[in-house]
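To keep things clear, I will list the structure first and then write my remarks on it.
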Amino acid sequence: MKINEFIQRKQSGQKISMITCYDYTFAGIINETDIDSVLVGDSGTMIMHGSKTTTEATVDEISFMIKGVSRAIDNNKVIVGDMPFLSYRKGLKFAMNTVDAFVRSGANIVKLEGVEGNQKIIKHIIGSGVPVMGHIGLTPQSINALGGYFVQGKLEKDAEKLLEQAKELSDLGCCSIVLECVPSELARIVTETVDIPTVGIGAGPNTDGQVLVLQDMLGMFKDLKPRFVRRYLDGFQLVKDALNHYHREVAESVFPDSKESF
Ligand code: KIV
(Lines give C-alpha, C1' and ligand atoms only; values in the text may rest on other atoms or scores of the structure.)
Protein backbone atom coordinates (compact mmCIF):
# COMPACT_ATOMS: atom_id res chain seq x y z
CA MET A 1 0.00 0.00 0.00
CA LYS A 2 1.33 3.39 -1.00
CA ILE A 3 0.69 6.58 0.89
CA ASN A 4 -1.74 7.96 -1.72
CA GLU A 5 -3.78 4.79 -1.54
CA PHE A 6 -3.92 5.11 2.23
CA ILE A 7 -5.55 8.49 1.82
CA GLN A 8 -7.84 7.28 -0.98
CA ARG A 9 -9.10 4.28 0.96
CA LYS A 10 -11.93 6.29 2.43
CA GLN A 11 -13.46 6.88 -1.00
CA SER A 12 -13.14 3.24 -1.99
CA GLY A 13 -14.60 2.03 1.32
CA GLN A 14 -11.78 -0.48 1.75
CA LYS A 15 -10.75 -0.67 5.41
CA ILE A 16 -7.22 0.16 6.54
CA SER A 17 -5.46 -2.33 8.80
CA MET A 18 -2.74 -0.90 11.01
CA ILE A 19 -0.61 -2.61 13.61
CA THR A 20 2.01 -1.24 15.96
CA CYS A 21 5.56 -2.50 15.68
CA TYR A 22 8.76 -1.50 17.42
CA ASP A 23 11.46 -3.82 16.15
CA TYR A 24 13.09 -5.42 13.13
CA THR A 25 12.14 -9.01 13.97
CA PHE A 26 8.39 -8.50 14.11
CA ALA A 27 8.54 -6.00 11.24
CA GLY A 28 10.01 -8.79 9.10
CA ILE A 29 6.93 -10.92 9.80
CA ILE A 30 4.52 -8.02 9.25
CA ASN A 31 6.23 -7.33 5.94
CA GLU A 32 5.10 -10.73 4.70
CA THR A 33 1.45 -10.08 5.62
CA ASP A 34 -1.36 -8.11 3.99
CA ILE A 35 -1.42 -5.53 6.83
CA ASP A 36 -1.59 -2.07 5.26
CA SER A 37 0.40 0.07 7.65
CA VAL A 38 2.67 0.02 10.66
CA LEU A 39 2.59 2.43 13.56
CA VAL A 40 5.80 2.83 15.49
CA GLY A 41 3.89 4.06 18.51
CA ASP A 42 5.12 5.67 21.68
CA SER A 43 3.41 2.68 23.31
CA GLY A 44 6.71 1.00 22.41
CA THR A 45 8.27 2.43 25.53
CA MET A 46 5.67 0.54 27.61
CA ILE A 47 5.53 -2.61 25.51
CA MET A 48 9.26 -3.03 24.93
CA HIS A 49 10.75 -1.41 28.01
CA GLY A 50 8.06 -1.67 30.67
CA SER A 51 7.52 2.04 31.31
CA LYS A 52 4.30 2.85 33.14
CA THR A 53 3.06 5.50 30.68
CA THR A 54 3.96 6.80 27.22
CA THR A 55 5.28 10.04 28.73
CA GLU A 56 8.64 8.29 29.14
CA ALA A 57 9.15 7.83 25.39
CA THR A 58 11.86 9.99 23.83
CA VAL A 59 12.60 11.09 20.28
CA ASP A 60 15.79 9.01 20.22
CA GLU A 61 13.96 5.93 21.44
CA ILE A 62 11.22 6.17 18.80
CA SER A 63 13.70 7.05 16.03
CA PHE A 64 15.68 3.94 16.94
CA MET A 65 12.51 1.83 16.73
CA ILE A 66 11.48 3.38 13.39
CA LYS A 67 14.90 2.53 11.99
CA GLY A 68 14.61 -1.11 13.00
CA VAL A 69 11.08 -1.39 11.63
CA SER A 70 11.76 0.40 8.35
CA ARG A 71 14.75 -1.84 7.62
CA ALA A 72 12.36 -4.80 7.42
CA ILE A 73 9.41 -3.15 5.68
CA ASP A 74 9.39 -2.83 1.88
CA ASN A 75 7.76 0.27 0.51
CA ASN A 76 4.49 -1.64 0.25
CA LYS A 77 3.43 -0.50 3.72
CA VAL A 78 3.02 2.95 5.21
CA ILE A 79 5.11 3.57 8.32
CA VAL A 80 3.77 6.05 10.86
CA GLY A 81 6.13 7.53 13.45
CA ASP A 82 4.56 8.62 16.73
CA MET A 83 5.85 11.98 17.98
CA PRO A 84 6.47 11.46 21.70
CA PHE A 85 5.43 13.46 24.73
CA LEU A 86 6.25 17.19 24.42
CA SER A 87 8.24 16.71 21.20
CA TYR A 88 5.78 18.98 19.37
CA ARG A 89 5.22 21.35 22.32
CA LYS A 90 8.77 22.68 22.69
CA GLY A 91 8.61 24.99 19.69
CA LEU A 92 8.82 24.56 15.96
CA LYS A 93 12.53 23.81 15.87
CA PHE A 94 12.30 20.90 18.29
CA ALA A 95 9.22 19.56 16.49
CA MET A 96 10.91 19.77 13.10
CA ASN A 97 14.07 18.11 14.43
CA THR A 98 11.83 15.25 15.54
CA VAL A 99 10.14 15.04 12.14
CA ASP A 100 13.57 15.21 10.51
CA ALA A 101 14.84 12.30 12.63
CA PHE A 102 11.69 10.24 12.02
CA VAL A 103 11.59 10.67 8.24
CA ARG A 104 15.33 9.98 7.92
CA SER A 105 14.74 6.84 10.00
CA GLY A 106 12.05 5.66 7.56
CA ALA A 107 8.68 7.11 8.64
CA ASN A 108 6.23 8.17 5.90
CA ILE A 109 3.76 9.88 8.21
CA VAL A 110 4.10 11.42 11.67
CA LYS A 111 1.35 11.23 14.27
CA LEU A 112 0.71 13.63 17.11
CA GLU A 113 -1.89 13.82 19.84
CA GLY A 114 -4.48 16.55 20.34
CA VAL A 115 -5.37 19.71 18.45
CA GLU A 116 -5.35 22.80 20.69
CA GLY A 117 -2.02 24.56 20.42
CA ASN A 118 -0.76 22.17 17.71
CA GLN A 119 -2.29 23.90 14.69
CA LYS A 120 0.79 25.89 13.66
CA ILE A 121 3.08 22.88 14.00
CA ILE A 122 0.72 20.59 12.10
CA LYS A 123 0.55 23.11 9.22
CA HIS A 124 4.31 23.53 9.18
CA ILE A 125 4.97 19.80 9.09
CA ILE A 126 2.45 19.28 6.28
CA GLY A 127 3.88 22.31 4.45
CA SER A 128 7.28 20.64 4.68
CA GLY A 129 5.99 17.67 2.70
CA VAL A 130 5.41 15.29 5.60
CA PRO A 131 1.87 13.91 6.06
CA VAL A 132 0.44 14.22 9.57
CA MET A 133 -1.94 11.85 11.31
CA GLY A 134 -4.01 13.34 14.13
CA HIS A 135 -4.93 11.47 17.30
CA ILE A 136 -7.94 12.41 19.42
CA GLY A 137 -10.21 10.85 22.03
CA LEU A 138 -8.04 9.18 24.63
CA THR A 139 -4.63 10.80 24.24
CA PRO A 140 -2.32 8.81 26.54
CA GLN A 141 0.40 11.48 26.58
CA SER A 142 -2.08 13.61 28.60
CA ILE A 143 -2.59 10.89 31.20
CA ASN A 144 -1.71 13.27 34.03
CA ALA A 145 -4.45 15.67 32.95
CA LEU A 146 -6.99 12.96 32.12
CA GLY A 147 -6.44 11.09 35.38
CA GLY A 148 -6.76 7.62 33.84
CA TYR A 149 -7.40 5.62 30.69
CA PHE A 150 -11.12 6.31 30.31
CA VAL A 151 -13.44 6.30 27.31
CA GLN A 152 -13.64 9.88 26.01
CA GLY A 153 -16.54 11.80 24.44
CA LYS A 154 -19.32 10.18 26.44
CA LEU A 155 -20.96 13.46 27.46
CA GLU A 156 -22.69 15.46 24.74
CA LYS A 157 -20.40 18.46 25.16
CA ASP A 158 -17.31 16.25 24.96
CA ALA A 159 -18.66 14.48 21.88
CA GLU A 160 -19.29 17.84 20.20
CA LYS A 161 -15.77 18.96 21.05
CA LEU A 162 -14.30 15.77 19.62
CA LEU A 163 -16.25 16.23 16.39
CA GLU A 164 -14.96 19.81 16.14
CA GLN A 165 -11.42 18.60 16.72
CA ALA A 166 -11.77 16.03 13.96
CA LYS A 167 -13.06 18.68 11.54
CA GLU A 168 -10.21 20.98 12.47
CA LEU A 169 -7.59 18.26 11.88
CA SER A 170 -9.15 17.59 8.51
CA ASP A 171 -9.19 21.32 7.65
CA LEU A 172 -5.55 21.61 8.70
CA GLY A 173 -4.70 19.03 6.05
CA CYS A 174 -4.07 15.92 8.17
CA CYS A 175 -4.09 12.72 6.14
CA SER A 176 -5.91 10.66 8.76
CA ILE A 177 -7.07 10.64 12.38
CA VAL A 178 -6.69 8.03 15.10
CA LEU A 179 -9.80 7.82 17.28
CA GLU A 180 -8.87 6.18 20.57
CA CYS A 181 -11.42 4.92 23.11
CA VAL A 182 -14.54 6.76 22.04
CA PRO A 183 -18.10 5.44 21.82
CA SER A 184 -18.82 3.61 18.53
CA GLU A 185 -21.66 5.95 17.65
CA LEU A 186 -19.43 9.02 18.02
CA ALA A 187 -16.75 7.33 15.92
CA ARG A 188 -19.37 6.71 13.24
CA ILE A 189 -20.47 10.35 13.21
CA VAL A 190 -16.86 11.57 13.03
CA THR A 191 -16.06 9.08 10.26
CA GLU A 192 -19.09 10.15 8.23
CA THR A 193 -18.35 13.86 8.78
CA VAL A 194 -14.69 14.14 7.85
CA ASP A 195 -13.21 13.48 4.40
CA ILE A 196 -10.04 11.84 5.71
CA PRO A 197 -9.79 8.24 6.97
CA THR A 198 -10.34 7.53 10.64
CA VAL A 199 -8.42 4.71 12.28
CA GLY A 200 -9.99 3.41 15.46
CA ILE A 201 -8.71 1.71 18.57
CA GLY A 202 -11.42 1.07 21.13
CA ALA A 203 -13.71 3.06 18.85
CA GLY A 204 -15.96 0.29 17.52
CA PRO A 205 -16.46 -0.94 13.96
CA ASN A 206 -17.59 2.29 12.28
CA THR A 207 -14.20 3.74 11.40
CA ASP A 208 -12.26 3.60 8.13
CA GLY A 209 -9.59 1.42 9.69
CA GLN A 210 -8.40 -0.25 12.87
CA VAL A 211 -5.15 -0.20 14.80
CA LEU A 212 -4.08 -2.55 17.58
CA VAL A 213 -0.94 -2.91 19.63
CA LEU A 214 0.83 -5.95 18.18
CA GLN A 215 1.71 -7.55 21.51
CA ASP A 216 -1.88 -7.12 22.75
CA MET A 217 -3.43 -8.93 19.80
CA LEU A 218 -0.76 -11.63 19.98
CA GLY A 219 -1.60 -12.19 23.65
CA MET A 220 1.96 -11.56 24.79
CA PHE A 221 0.84 -10.20 28.17
CA LYS A 222 -0.72 -12.79 30.43
CA ASP A 223 -2.99 -10.52 32.44
CA LEU A 224 -3.64 -7.58 30.13
CA LYS A 225 -6.98 -7.93 28.33
CA PRO A 226 -8.51 -4.56 27.45
CA ARG A 227 -12.11 -4.91 26.23
CA PHE A 228 -11.32 -3.50 22.80
CA VAL A 229 -8.53 -5.99 22.08
CA ARG A 230 -9.19 -9.27 20.31
CA ARG A 231 -6.50 -11.86 20.95
CA TYR A 232 -5.48 -13.72 17.81
CA LEU A 233 -2.87 -15.86 19.56
CA ASP A 234 -1.97 -16.94 23.08
CA GLY A 235 1.56 -15.67 22.53
CA PHE A 236 2.53 -15.69 26.20
CA GLN A 237 1.74 -19.38 26.60
CA LEU A 238 3.24 -20.40 23.24
CA VAL A 239 6.54 -18.63 23.94
CA LYS A 240 6.61 -19.90 27.52
CA ASP A 241 6.04 -23.47 26.34
CA ALA A 242 8.81 -23.15 23.74
CA LEU A 243 11.24 -21.82 26.35
CA ASN A 244 10.39 -24.59 28.80
CA HIS A 245 10.77 -27.14 26.00
CA TYR A 246 14.24 -25.76 25.25
CA HIS A 247 15.12 -25.77 28.97
CA ARG A 248 14.06 -29.42 29.31
CA GLU A 249 16.07 -30.50 26.30
CA VAL A 250 19.16 -28.72 27.61
CA ALA A 251 18.67 -30.23 31.08
CA GLU A 252 18.20 -33.73 29.59
CA SER A 253 21.13 -33.32 27.15
CA VAL A 254 18.72 -33.74 24.21
CA PHE A 255 19.82 -30.44 22.70
CA PRO A 256 22.10 -30.13 20.83
CA ASP A 257 22.29 -33.44 19.00
CA SER A 258 24.90 -34.51 16.47
CA LYS A 259 23.13 -32.73 13.56
CA GLU A 260 23.28 -29.50 15.52
CA SER A 261 26.96 -29.89 16.35
CA PHE A 262 30.19 -29.43 14.37
O1 KIV B 1 1.37 4.42 20.54
C2 KIV B 1 0.38 3.78 20.16
O3 KIV B 1 0.35 2.54 20.20
C4 KIV B 1 -0.77 4.52 19.68
C5 KIV B 1 -1.99 3.74 19.34
C6 KIV B 1 -2.73 3.40 20.57
C7 KIV B 1 -2.85 4.45 18.37
O8 KIV B 1 -0.71 5.70 19.58
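None of the values given here were measured: they were computed from a predicted structure. Atoms within each ligand, like the ligands themselves, are counted from 1 in listed order. Numbering starts at 1 and runs along the sequence shown.
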Nitrogen or oxygen atoms of Asp42 and ligand 1 under 3.5 Å apart | yes
Short N or O distance, Tyr22 and ligand 1, threshold 3.5 Å exclusive = no
Is there a donor-acceptor pair closer than 3.5 Å between any side-chain N or O of [X] and the backbone N or O of [Y]?
X	Y	value
Glu260	Asp257	yes
Thr207	Gly209	yes
Ser170	Ala166	no
Asn108	Val78	no

Enumerated ligand 1 atoms positioned under 4.0 Å from heavy atoms of [X]:
X	answer
Gly41	1 (O), 2 (C)
Glu180	6 (C)
Leu39	2 (C), 4 (C), 5 (C), 7 (C), 8 (O)
Thr20	3 (O)

Considering only non-hydrogen protein atoms, determine which one is nearest to atom 8 (O) of ligand 1 and report residue, atom name and distance to 0.1 Å.
-> Lys111 NZ, 2.9 Å
among protein heavy atoms, the one nearest atom 3 (O) of ligand 1 is Ser43 OG, 2.5 Å
Can you find a non-hydrogen atom of Glu113 under 4.0 Å from ligand 1?
-> no
Quick one: are Leu92 and Ile121 in side-chain contact, heavy atoms under 4.5 Å?
-> yes
Is the shortest heavy-atom distance from the side chain of Thr45 to the side chain of Tyr22 under 4.5 Å?
-> no
To which residues is Leu86 joined in a hydrophobic cluster, defined by side-chain heavy-atom contacts under 4.5 Å among Ile, Leu, Val, Met, Phe, Trp and Tyr, whether direct or through other members?
-> Phe85
